[in-house]
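Below is one structure, written out as structure tokens; the observations come after it.
These numbers come from the heavy atoms of this one structure, side chains and all, not from hydrogens, waters or symmetry mates. Predicted model, so just to flag it, every value in this text is computed and none were measured.
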Amino acid sequence: MNPIFIVLPILTLLMFELGLELNIRDFTLFRYRPRPVIAGLIGQIILLPLLAILLGSLFHLDALFFIGLLLIACSPGGSSSNIFSMLAQGDVALSVSLTALSSVITLFTIPLILGWATQMTGSHTGTFIQLPIGALVMQNLILTLLPIGLGLLFKAKFPEKAEKIKRKLHQISFPALLLLAGVFFIQHYKTIAAHIGQLGICISLLIGLAMFSGILLSRLMHLQRREKRTIVIEIGMQNAAQGIAIASSPLIFNNSTIAIPSILYALFMNLILLTYIKTVKK
């Protein structure tokens with residue numbers, strides 16, 4: 001079974017949940033607190049893809065894994081990052097605003113970066129991977145922007161019901177991602193087992209460097225401690241559901257191998273970030 005049939009409803013629910021958390025003012029925090037927003041967006045949109053390109057090249061990843069690594073690096077975390085920021089006693093308002101802004105910005109950056117990456121891998125390795133830009137943009141609009149917009153509207157019209165639904169979605173979103181990971185591992189365990197050494201080290205370094213970049217950016221921007229915790233989490237946490245949806249979609253890559261870095265990233269990032277949260281709360 002193609003994992004797309006599991007990931008599509010999960011991604012839609014996660015984006016709808018994000019919409020229930022958002023307010024219009026979350027998109028305007030930049031006007032009042034530009035430094036932490038700039039730090040977060042630089043880390044998410046610029047630094048993390050650059051780190052993925054660097055590590056993918058240093059580890060000489062196969063073309064499909066290289067594209068997959070860059071794909072997850074281009075997919076900033078959704079509503080889960082807001083929960084992790086709350087657990088870390090970080091700045092939840094900043095986390096929500098960064099999630100809102102990056103969800104819109106990546107509608108444009110993901111096609112641009114992946115378009116470059118597929119051309120680059122084709123010219124260097126001879127493995128040509130087709131990327132239908134129009135289908136990618138349309139799928140992201142339908143699976144990302146539309147459910148976020150519906151969540152915003154629902155919250156505006158039915159605030160009490162929205163709060164109840166949001167609490168329920170918080171309870172089921174993580175188990176749903178674990179279900180997706182389990183199904184994916186069962187289907188592709190041979191490929192994962194054969195490359196876990198190389199990919200595992202590469203992805204662990206990517207997460208570690210992403211978090212370290214968050215610390216550096218926070219110091220350069222002279223951010224407060226709560227802001228720094230949120231920036232570290234926002235840069236280190238990525239939206240695995242979105243990465244898997246793009247990789248597995250019959251309209252885009254239709255290749256589950258490209259989704260493997262997203263699944264591994266999701267597993268490693270939760271372990272590493274939970275360890276970070278325990279450390280900063282001591």
Side-chain donor or acceptor of Q139 paired with backbone N/O of A245 under 3.5 Å: yes
Between OG on residue S81 and CE on residue M237, distance to nearest 0.5 Å: 6.5 Å
R33, K228, R229 screened by salt bridge (Lys or Arg N to Asp or Glu O under 4.0 Å) with D91, the one that passes: R33
From CD1 (I203) to CD (Q238), nearest 0.5 Å: 11.5 Å
Value rounded to 0.5 Å, distance of SG in C74 from CD in Q242: 9.5 Å
Residue list, side chain to side chain contact (heavy atoms under 4.5 Å, CB included) with V37, at least two apart or on another chain: L29, F30, L41, L94, L98, L101
Other residues, nucleotides, ligands: >12 heavy atoms within 6.0 Å of Q224 CD: no
Derivation of the side chain to side chain contact (heavy atoms under 4.5 Å, CB included) call for N255 and I67: CA-CA 11 Å; N255 192 311; I67 297 296; over 6 Å; no
Any donor-acceptor pair under 3.5 Å from T144 side chain to L141 backbone: no
Heavy-atom pair of closest approach, residues I72 and A240: CD1-CA, 3.7 Å
Any donor-acceptor N/O pair, Q198 side chain to F59 backbone, under 3.5 Å: yes
ring-ring contact (aromatic ring centres under 6.0 Å, His included) pairs, two or more places apart, involving residues 216-271: none
Residue pairs involving residues 43-67 (criterion side chain to side chain donor-acceptor pair (under 3.5 Å); sequence neighbours excluded): Q44-E234
Candidate pair K168 and I165, rule side chain to side chain contact (heavy atoms under 4.5 Å, CB included), full reasoning: CA-CA 5 Å; K168 292 291 184 183; I165 293 174; 5.6 Å; no
